[in-house]
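Everything below concerns the one structure shown next.
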Amino acid sequence: MTCSHCEKAVADGLSQVPGIGEITADAASGRVGFRLLGPVQRQDIEDVLTEAGFTLGVWPDRNP
């Protein structure tokens, strides 16, 4: 992400995925954060990012 337009494209796309909320996109760091509100498929997130022209770089494992 390089600008506010990119932030908005990613955040708007993710907001359409059921189970995702509290989205923050930061062009300066190139990172996106969000809260899982329910089950979400990784592929749904990857599809949104691909549509916006980006790739999923890190998917943290919260259940070691």
Side-chain angles (χ1 to χ4, degrees):
M1 279 183 286
T2 58
C3 65
S4 61
H5 180 267
C6 297
E7 291 174 343
K8 183 169 173 25
V10 171
D12 286 352
L14 288 173
S15 72
Q16 300 302 309
V17 178
I20 292 182
E22 298 180 31
I23 302 159
T24 57
D26 180 52
S29 68
R31 294 181 179 219
V32 176
F34 52 85
R35 180 177 298 272
L36 293 176
L37 305 175
V40 176
Q41 297 296 313
R42 176 185 170 133
Q43 188 62 51
D44 292 340
I45 295 169
E46 287 187 87
D47 290 348
V48 166
L49 295 177
T50 299
E51 174 96 14
F54 302 100
T55 58
L56 180 61
V58 177
W59 184 264
D61 182 3
R62 298 290 187 200
N63 300 309

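None of these values were measured; they are calculated from a predicted model.
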Could you state whether V32 and L37 fall into the same hydrophobic cluster, counting links through intermediate Ile, Leu, Val, Met, Phe, Trp or Tyr residues with side-chain heavy atoms under 4.5 angstrom apart?
no
Kindly list each side-chain donor-acceptor pair under 3.5 angstrom involving residues 46-54, sequence neighbours excluded, with atom names and distances?
unit_1, atom_1, unit_2, atom_2, d
E46, OE2, R42, NE, 3.2
D47, OD1, Q43, NE2, 2.7
T50, OG1, E46, O, 2.9

Find out whether I45 and F34 are in side-chain contact, i.e. whether some heavy atom of one side chain is under 4.5 Å from a heavy atom of the other.
yes
May I have the list of side-chain donor-acceptor pairs in residues 14-21 shorter than 3.5 Å, sequence neighbours left out?
unit_1, atom_1, unit_2, atom_2, d
S15, OG, D12, O, 2.7

Mind checking what makes side chain to side chain donor-acceptor pair (under 3.5 Å) contact with D26, not counting sequence neighbours?
S29
